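Down below is the structure, laid out as structure tokens.
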Amino acid sequence: MSNQEHAMAHRDDVGSRMGMWLFLFTELLLFGGLFFLYSVYRFVNQEEFHIAAKELDTIIGTFNTAILLTSSLTMAMSISAIQKNNKRLSIFFQLITILLGFGFMVNKYFEWTAKINHGIFPGSEELLNRGSGEILFFGLYYVMTGLHGLHVLIGIFIIGTMTWFTSRDIITKESYVKLEAAGLYWHLVDIIWIFLFPLFYLIT
Amino acid sequence: MSSETTHVSYLEYQGRYKGLRGWIFSTDHKRIGIMYLIAATVFFAAGVVFGFLMRLELLYPGKTIVSAQTYNTFFTLHGVIMIFLFVIPGLPAIFGNFFLPILIGAKDVAFPRLNLLSWWLYVIGGALVLLSILLPGGPADTGWTFYIPYSVRTGTNVIFTVFAAFILGFSSILTGINFVTTIHRLRAPGMGWFKMPLFTWSLYATAWIQVLATPIIGITLLLIVVERVFGVGLFDPALGGDPVLFQHLFWIYSHPAVYIMILPAMGVVSEIIPVFAHRTIFGYKFIAFSSLAIAVFGSLVWAHHMFAAGMSDFGQFVFSLLTFLVAIPSAIKVFNWTATLYKGSISLEPPMAFALAFIFLFSIGGLTGVMQGALSVDIHITDTSFIVAHFHYVMFGGTGFGVFAALHYWLPKMFGRMYNKKAAYSAFWFLFIGFNVLYFPMFIMGWLGMPRRYYDYLPEYTIYHQISTVGSWILITGLIIMFTNLYLSLKRGKKVTARNIWGGETLEWQIETPPTYENFEEIPLITEGPYEYKDNDQDILEEKEVV
Amino acid sequence: MESSELIHRPQYGKYILVWIALLMLTVITVTVAGINFGVLTLATALTVASVKSYLVLTVFMHLKTEQTAFRIFVGVALFFIIISFVLLFADYSFM
Amino acid sequence: MIAQSVNYAHSVDEAFLFILIVSVFFLVLITGLIITFIIKYNRKKNPKPTNIHGNLPLEILWTIIPTVLVLIMFWYGWTGYKEITSPPDDSMEIDVTAQMWVWKFTYKNGITSDSLYIPVNRPVKAHLTSLDVNHSFYIPEFRIKKDVIPGRKNFTWFIADKVGKYQILCAEYCGLNHSYMLNKVIVLTADEFSIWMQEKLNEKNNQDTVSADNINNQSVAK
Ligand code: HEA
Ligand code: HEA
Ligand code: CUA
Ligand SMILES: [Cu+2]
């Protein structure tokens with residue numbers, strides 16, 4: 001498109017990253033709204049939040065934290081690799097990142113189904129019989145981890161696209177700002193998990 | 001690129017696509033601005049019709065033209081359309097898109113394709129709102145505030161409307177991201193922060209609010225959907241939720257949003273006043289910084305919409321105090337604009353008339369806003385038509401007249417055609433008088449205890465309602481004259497080729513009329529501030545003379 | 001782009017160190033949560049989470065080596081979240 | 001100005017009046033200046049404009065003056081609000097229940113009523129409960145309004161100081177018949193009020209006995 005000419009006439013990597021950071025803020029505040037909800041409800045229903053949190057599996061949570069942290073590492077390394085012009089290694093790291101992302105989701109899947117099999121899901125009879133604090137806790141649990149899971153899936157998709165770009169030499173040593181942006185996104189998803197984890201699994 | 005193409009105006013320029021597709025797939029900021037103008041006008045027309053019908057209904061107590069349910073959907077649609085489809089995107093998306101890059105000496109915004117995406121999201125969101133009218137269940141009847149629990153209980157198409165607002169939110173965010181990055185990265189060489197035109201400053205402050213506050217309403221509206229579809233109890237009091245918390249989250253965005261609406265209009269006024277006073281602006285830095293101050297303070301006062309909801313006393317105290325402080329930067333702007341007229345050489349062209357009307361109407365709106373900030377007073381007037389009057393004064397008298405001013409100021413530049421000035425003046429007077437006749441009685445009614453969102457009312461308020469309805473007819477007459485005049489000018493108005501129609505000193509007046517596809521043949525080198533008016537004989541510098 | 005070359009020196013070693021630190025912090029926070037500290041539990045959990053985020057932000061996300069504007073941006077965003085939070089609790093903590 | 005029929009109405013109105021006066025002053029000042037400048041520095045009369053970039057003392061002046069004024073306004077509003085929210089301990093307590101789209105008033109002795117009957121010059125504290133969505137309890141002449149929100153324990157209070165009938169409105173949008181969710185406060189003298197209450201009590205006792213009779217009759221019939 002000739003329109004692109006004047007946009008592409010000069011490339012501005014700093015500008016691209018700046019745009020990405022601004023977008024990350026909107027993601028952060030999207031979750032921010034949920035964190036506001038969480039903190040108010042927790043403040044009002046401290047006891048019941050404690051009781052409810054006991055039912056979440058700390059081991060799965062910890063395991064998933066480790067997975068995401070590791071995936072952040074491989075993501076960062078894939079950028080280093082492309083900077084060193086090591087295309088193969090970069091793709092390798094990206095694939096590992098994707099794999100870890102899927103691992104995270106598989107864990108999530110088992111965690112959620114276990115809860116649902118215990119009859120704990122929004123609107124379930126089991127849950128409605130409990131105190132309102134517990135209803136809120138699990139409501140928030142599903143919404144927040146659900147939204148986070150959705151972001152992991154989106155992240156996987158984006159990184160997948162980047163892998164494809166890398167293999168097609170669209171992302172190269174000279175021009176890798178797209179990969180950086182994908183990385184920023186992935187790290188943000190990680191940061192959100194860093195907060196979700198203690199707030200849901202560790203407050204027993 | 002050959003020198004030939006550089007001289008083709010953006011209207012005639014042929015890219016990869018031709019005809020209509022050359023517009024709806026164009027990433028040129030100017031074309032996107034025009035497309036926003038067209039789309040916004042369509043949605044705006046829908047909003048106006050609902051407003052007009054509401055006034056008709058209120059002409060007499062009891063049923064006049066529609067049922068209560070229909071009336072309730074009217075004010076909801078009216079509010080949603082006006083807020084999310086008109087005043088929020090209005091100035092930034094139309095005139096910001098068109099002029100921001102030009103004002104800072106750039107060829108386009110930082111992310112042209114994102115810009116196009118944002119337009120598409122806008123149109124899709126708008127279409128969803130209109131679609132909700134046609135679908136079974138009927139349009140939402142919650143008011144534009146979507147307060148829970150009612151918004152979860154009603155059987156109407158709330159999900160649609162809410163989802164539309166969510167999409168529109170993202171459109172707005174993308175515009176914000178684009179503008180912040182553009183202003184940081186694409187200023188022409190030499191254009192320091194304090195050489196930027198004030199419209200740019202106001203867009204910058206606005207863009208930050210768009211980026212930071214909008215996601216909060218995004219998630220809040222999404223939760224309504226989640227609550228309705230999955231029955232997750234997050235706000236439902238039956239499940240332990242807190243409806244007031246919903247209000248907090250709603251207003252954390254929606255109060256700053258009112259500054260998304262007004263800041264760009266203030267920017268427009270700051271452009272127009274020095275041009276038509278033919279002198280430099282008074283207190284440039286104060287106006288620039290007050291935009292930022294409004295953005296910052298504006299984020300801290302949201303709960304003044306909830307003074308009757310039962311917050312803690314400490315909450316009431318803090319939010320009331322902060323509300324009063326947010327009035328100060330606005331006051332600073334008003335004083336500086338007034339001072340800019342001093343010792344000017346004022347020509348009252350149509351844009352100037354609208355800009356001055358803006359100051360007057362916005363002051364009334366703002367000062368009544370200050371009344372609402374006072375706790376004891378607000379308890380009495382909250383949720384009455386006093387509030388309705390307040391926000392029409394600021395949104396319509398403020399932003400609306402700001403848009404009118406911008407239209408009359410920039411349209412000749414955008415299309416190279418001049419409108420009929422006589423018609424413009426008569427439209428102005430109809431609008432100005434009609435406006436006050438329409439909304440001023442609402443202050444009185446409100447103080448006397450007429451609640452808002454009332455389909456029917458007690459007989460003692462009849463007279464005020466009738467005056468108000470007559471006002472709406474005057475206003476709409478003005479509106480029709482104005483739009484007809486502007487529309488006709490595009491078809492057969494006098495051709496304008498002069499670069500500088502009004503004698504402005506900002507960059508858009510230094511390029512061709514209408515602008516070429518690339519805006520600038522060569523990126524200019526900026527050496528001085530935007531409102532220098534070097535030709536004026538005496539050049540009194542800062543702090544030399546007391547007014 | 002000159003500056004960005006300079007900013008993004010490949011640094012596997014540093015990344016791995018950070019990764020180890022992050023895992024250790026996770027272990028710490030999980031262990032601490034096991035012991036009952038009362039009110040302090042939440043405080044420690046959040047402090048550890050903040051330290052972890054700081055590491056991710058500065059090293060993985062290169063905030064440390066980006067232009068100053070980026071750090072100001074992050075400051076602005078955090079300020080907005082924190083002040084909103086504080087004001088929200090200006091209502092709720094005094095109910 | 002709207003009738004004042006409650007103890008603190010005057011302080012609300014005073015705050016309003018103060019802000020109104022300041023506002024009118026500034027509005028007139030600004031409009032006046034604008035019009036004067038338009039006339040005096042018209043293009044025809046004053047073809048040579050003068051550039052004035054700014055004036056620091058003036059900026060400081062017009063920042064400080066509004067700030068001070070605004071703080072005074074705030075204080076007016078806040079002290080008035082304190083009055084509105086601090087009921088005396090000996091208030092008569094009434095439960096107000098809102099439901100789409102009716103009000104119900106329940107007295108401490110179990111008597112219920114559709115309109116709010118209260119004695120004059122006696123503090124009344126109204127506890128507000130909603131059975132469905134948000135409503136708002138509004139009596140313009142009393143300058144009170146408080147949202148009635150499900151799951152929240154809101155209250156409001158007042159001392160009506162004039163006998164008479166006043167309008168109750170619902171001021172928070174609550175659906176179809178929001179604008180018909182009206183009723184009256186009927187302020188009676190202390191004597192009238194106890195007579196009314198006595199009648200209500202008798203009525204209730206009668207009803208109780210009548211319904212008790214009904215049940216007896218039915219069981220007899222069986
Ligand atoms: C463009 C939009 C816009 C703007 C700019 C404003 C500006 C302001 N608004 Fe308004 N407001 C709305 C749109 C806007 N508002 C809307 C839409 C609602 C209702 C939403 C709903 O419920 O549906 C609302 C409701 C609203 C309320 C809630 C009322 C209620 O529901 O109970 C309050 C309360 O404090 C308020 C206050 C203010 C204040 C203090 C300002 C200030 O920023 C004003 C500052 C300006 C001035 C003060 C005037 C200029 C200055 C001078 C002339 C100098 C002299 C001044 C002094 C000495 C003070 N507004
Ligand atoms: C900018 C916002 C905006 C605008 C312009 C208007 C315009 C009008 N409004 Fe308003 N109104 C709202 C925003 C707006 N409204 C909102 C948010 C609510 C609250 C909804 C709720 O309670 O949930 C409301 C509610 C509301 C009510 C109260 C309903 C109730 O509480 O029962 C009434 C009643 O009369 C009313 C009347 C009108 C009329 C007659 C018009 C107009 O029809 C008058 C005619 C319009 C014009 C003459 C032109 C204006 C032109 C422009 C602003 C610029 C055009 C430029 C371009 C398209 C480029 N509106
Ligand atoms: Cu009840 Cu409105
Ligand atoms: Cu507000």
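In what follows, chains are A, B, ... by sequence order, proteins preceding strands, each numbered from 1. In this text, all values refer to a predicted model and were calculated from it rather than measured experimentally.
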Smallest heavy-atom separation, A/Leu188 atom then C/Met61 atom, equals N-CE, 4.3 Å

Parallel, tilted or perpendicular: which describes the rings of C/Phe70 and A/Trp21, with under 30° parallel and over 60° perpendicular?
-> perpendicular

Under 4.5 Å from any heavy atom of chain C - which part of A/Leu22 | side chain

Report the relative orientation of the aromatic rings in C/Phe85 and A/Phe36; use parallel for angles under 30°, tilted for 30 to 60°, perpendicular for over 60°.
-> tilted

Nearest-0.5 Å distance, CD1 of residue A/Ile79 to OH of residue C/Tyr15 | 6.5 Å

In Å and rounded to the nearest 0.5 Å, what is the CZ to CE distance from C/Phe73 to A/Met18?
-> 4.0 Å

More than 12 foreign heavy atoms under 6.0 Å from CZ of A/Phe102: is that the case here?
-> no

So do the side chains of A/Lys84 and C/Tyr12 get within less than 4.5 Å of each other, counting heavy atoms only?
-> yes

Toward chain A, the part of C/Val18 with a non-hydrogen atom under 4.5 Å | neither

Tell me, for C/Ile16 versus chain A, whether the close heavy atoms (under 4.5 Å) come from the side chain, the backbone, both or neither.
-> both

OH of C/Tyr92 to OG of A/Ser39: how many Å apart, nearest 0.5 Å?
-> 10.5 Å

How far does CG of A/Leu69 sit from NZ of C/Lys52, to the nearest 0.5 angstrom?
-> 5.5 Å

Going by heavy atoms in the side chains, are C/Val30 and A/Tyr201 under 4.5 Å from each other?
-> no

Any chance the rings of C/Phe80 and A/Phe25 have centres within less than 6.0 Å?
-> no

Shortest non-hydrogen pair, C/Ser53 vs A/Phe195, comes out as OG-CE1, 3.0 Å

How many angstroms lie between atom OG1 of A/Thr65 and atom CG of C/Leu23, to the nearest 0.5 angstrom?
-> 9.5 Å

Please flag which part of C/Thr26 lies under 4.5 Å from any non-hydrogen atom of chain A: side chain, backbone, both or neither.
-> side chain

Atom pair CG/CG of C/Leu42 and A/Leu202 - distance to nearest 0.5 Å | 10.5 Å

Contact origin within A/Leu24 toward chain C - heavy atom pairs under 4.5 Å = side chain

What part of C/Leu88 gets closer than 4.5 Å to chain A, counting heavy atoms only: side chain, backbone, both or neither?
-> side chain

Are more than 12 heavy atoms from other residues, nucleotides or ligands located less than 6.0 Å from atom CZ of A/Phe165?
-> yes

Contacting region of A/Tyr185 [heavy-atom separation from chain C under 4.5 Å] = neither

Above 12 or not: heavy atoms from other molecules or residues under 6.0 Å from NZ of A/Lys178?
-> no

